[in-house]
Amino acid sequence: MSEQRDIHSDSHSDQHDRTGDQPGKHSFETLAIHAGNEADPATGAVVPPIHQVSTYKQDGVGGLRGGYEYSRSGNPTRTALEENLAALEGGRRGLAFASGMAAEDCLLRTLLAPGDHVVIPNDAYGGTFRLFSKVAERWGVQWSVADTSDPAAVRAAVRENTKAVWVETPSNPLLGITDIAAVAEVAGGAGLRLVVDNTFASPYLQQPLALGADVVVHSTTKYMGGHSDVVGGALVVRDPALGEELAFHQNAMGAVAGPFDSWLVLRGAKTLPVRMDRHNANAERITEMLTSHPRVAQVYYPGLPSHPGHETAAKQMRGFGGMVSFRVAGGEEAAVRVCERARLFTLGESLGGVESLIEHPGRMTHASTAGSQLEVPADLVRLSVGLEAAEDLLTDLRYALADG
Ligand SMILES: *Cc1c(COP(=O)(O)O)cnc(C)c1O
């Protein structure tokens, strides 16, 4: 039995019962590199191969090797990623999808049926809001919005037919913080499932399952992949029965992660801890500059002591992340100009890659929330702070903010 196998079996241990930041016997950094990454039994290749294949030879009718039958139902490269994700989140089961939205769609159709109600946050990824308001609603799923940073507001939003509470922390794009343990108590007390979108934090900074969440959602497109070269999504759960149900729907609905995409995310996960440390450090430097800049009206970053969620973030995260939003004095046009003047910060949607990005949520990522309760301030700019030298990033931002 190899060392890797021992780590692998750890991913199915009772990690979620631990509250420390070291899941299982091995530290997070070790799991990031080894969980799911067993040397190839055929060749000894230390990196799992990309099994670019649709079907598998059977040893007699129904005689499956390792349970593989058809790649929608299961593929060894995807399995490697799913084991890695489960280990990093301290869950029992990980599932990899073609995108974050595919993961969310599978989840909502597993947890909710027509007539059911879900509480969603008043500050969330625009696509999540669109999925509930424009797609799920047509199929009879009811939703309402609550300020999830206030557990009492979540409790007040629960109805007779509520089945789940959906939380995103830190949230997109306002970096709001929800106390996961407090909301888990509200949800658990009412018999509801608690879903946490952990995309902004990544499992390195925050492990919602250990705090009482039932399901973790990821857009692996972001920090998990980390290199802006893949679109993917994931679900991780601690209840094996819910894991089975989700796996059934994943296969029935079919929006699985392909072998190459799975391999890219698995590779990205290995450097997640070192990348996140640098994202944190760079974001802190930039936040310092922004808070004292005369053209910046307000900075949203959970690492700032003035942030209303700072204490909660300090309690449930091991760092404050690489996302920073701020309002530009001078309104919408001024904010758009800052986005367009930046040179090193690339004007673009998405986040979590090695390169720094800048965007205007009101006209870009969050355009679909216009006129709704989730509408974002028009003078808001969002940064995904990358891994470049902090000095270069500061110079670029000062230039973009200069009124000339
Ligand atoms: C990007 C994102 C999603 C959606 O993921 P895709 O991979 O783009 O489908 C969901 N939640 C959050 C917080 C995101 O940033």
Side-chain angles (χ1 to χ4, degrees), residues 78 81 85 89 94-109 118 120-136 143 148-149 164 166-178 180 195-203 205-206 208 213 215-236 250 253-258 260-262 264-265 268-269 272 276 279 300 302 317 321-325 348-353 357-359 361 364-369 374 376 380 382-386:
R78 196 174 92 220
L81 171 61
L85 291 165
E89 285 290 0
L95 298 154
F97 292 83
S99 70
M101 294 319 302
E104 292 189 15
D105 185 34
C106 179
L107 177 61
L108 83 81
R109 287 200 266 171
V118 57
I120 65 170
N122 63 351
D123 177 24
Y125 178 68
T128 299
F129 177 68
R130 182 177 55 202
L131 182 66
F132 282 105
S133 64
K134 297 285 193 329
V135 182
W143 56 275
T148 58
S149 70
W166 192 289
V167 159
E168 193 180 304
T169 183
S171 68
N172 182 3
L174 291 173
L175 287 314
I177 298 294
T178 291
I180 297 171
V195 178
V196 177
D197 186 332
N198 203 27
T199 299
F200 268 38
S202 89
L205 298 184
Q206 173 174 282
V215 186
V216 168
V217 176
H218 275 285
S219 169
T220 54
T221 314
K222 316 294 171 49
Y223 288 107
M224 291 300 308
H227 294 74
S228 306
D229 54 11
V230 62
V231 170
L235 301 174
V236 184
Q250 179 194 38
M253 287 155 54
V256 295
F260 184 50
D261 289 356
S262 296
L264 282 171
V265 176
L272 180 69
M276 291 314 296
H279 283 297
Y300 300 87
M317 301 176 74
M323 298 301 295
V324 178
S325 292
E349 301 191 353
S350 198
L351 59 117
L357 298 173
I358 190 167
E359 68 122 358
M364 295 170 63
T365 49
H366 289 66
S368 66
T369 64
L374 281 84
V376 297
L380 192 73
R382 190 189 76 180
L383 304 176
S384 171
V385 180

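Residue numbers start at 1 and run along the sequence shown. Counting starts at 1 for both ligands and their atoms, in listed order. Everything quoted here is computed from the prediction, not taken from an experiment.
- The distance from ligand 1 to the heavy atoms of E104 drops below 4.0 Å at these ligand atoms: 10 (C), 11 (N).
- Close N/O approach between T221 and ligand 1 is found [any backbone or side-chain N/O within under 3.5 Å].
- For the pair L380 and P361, the tightest heavy-atom approach, listed with the atom from each and the gap, is O-CD, 3.3 Å.
- The two residues L175 and P302 have their closest heavy-atom pair at CB-CD, 3.9 Å.
- A heavy-atom separation below 4.0 Å is found between G232 and ligand 1.
- Here the OG1 atom belonging to T178 is positioned 11.0 Å from the CG atom belonging to D197, to the nearest 0.5 angstrom.
- In summary, the side chains of T128 and E168 do not present any donor paired with an acceptor at a separation below 3.5 Å, with no hydrogens or angles considered.
- The contact set between ligand 1 and E168, taken as ligand atoms under 4.0 Å from a residue heavy atom, comprises 13 (C).
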Point to revise | Test log, rule side chain to side chain contact (heavy atoms under 4.5 Å, CB included), inputs E89 and H218 | key: CA-CA 11 Å; E89 285 290 0; H218 275 285; 2.6 Å; yes

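- At the top of the distance list for atom 4 (C) of ligand 1, counting protein heavy atoms only, stands Y125 CE2, 3.4 Å.
- We find the CG-CE distance between L264 and M224 to be 12.5 Å, quoted to the nearest 0.5 Å.
- Using a 4.0 Å cutoff on heavy atoms, H218 does not count as a contact of ligand 1.
- Using a 4.0 Å cut-off to heavy atoms of D197, the atoms of ligand 1 that qualify are 10 (C), 11 (N), 12 (C), 13 (C).
- Annotation: T128 places no N or O atom under 3.5 Å from an N or O atom of ligand 1; distance criterion only.
- W143 has its ring centre less than 6.0 Å from the ring centre of F129.
- Ranking protein heavy atoms by distance to atom 15 (O) of ligand 1, first place goes to K222 NZ, 2.7 Å.
- The atoms of ligand 1 that sit less than 4.0 Å from any heavy atom of G100 are 5 (O), 6 (P), 7 (O), 9 (O).
- Looking at M101 next to ligand 1, an N or O pair under 3.5 Å apart turns up.
- Heavy-atom minimum distance, M101 versus G127: CE-O, 3.2 Å.
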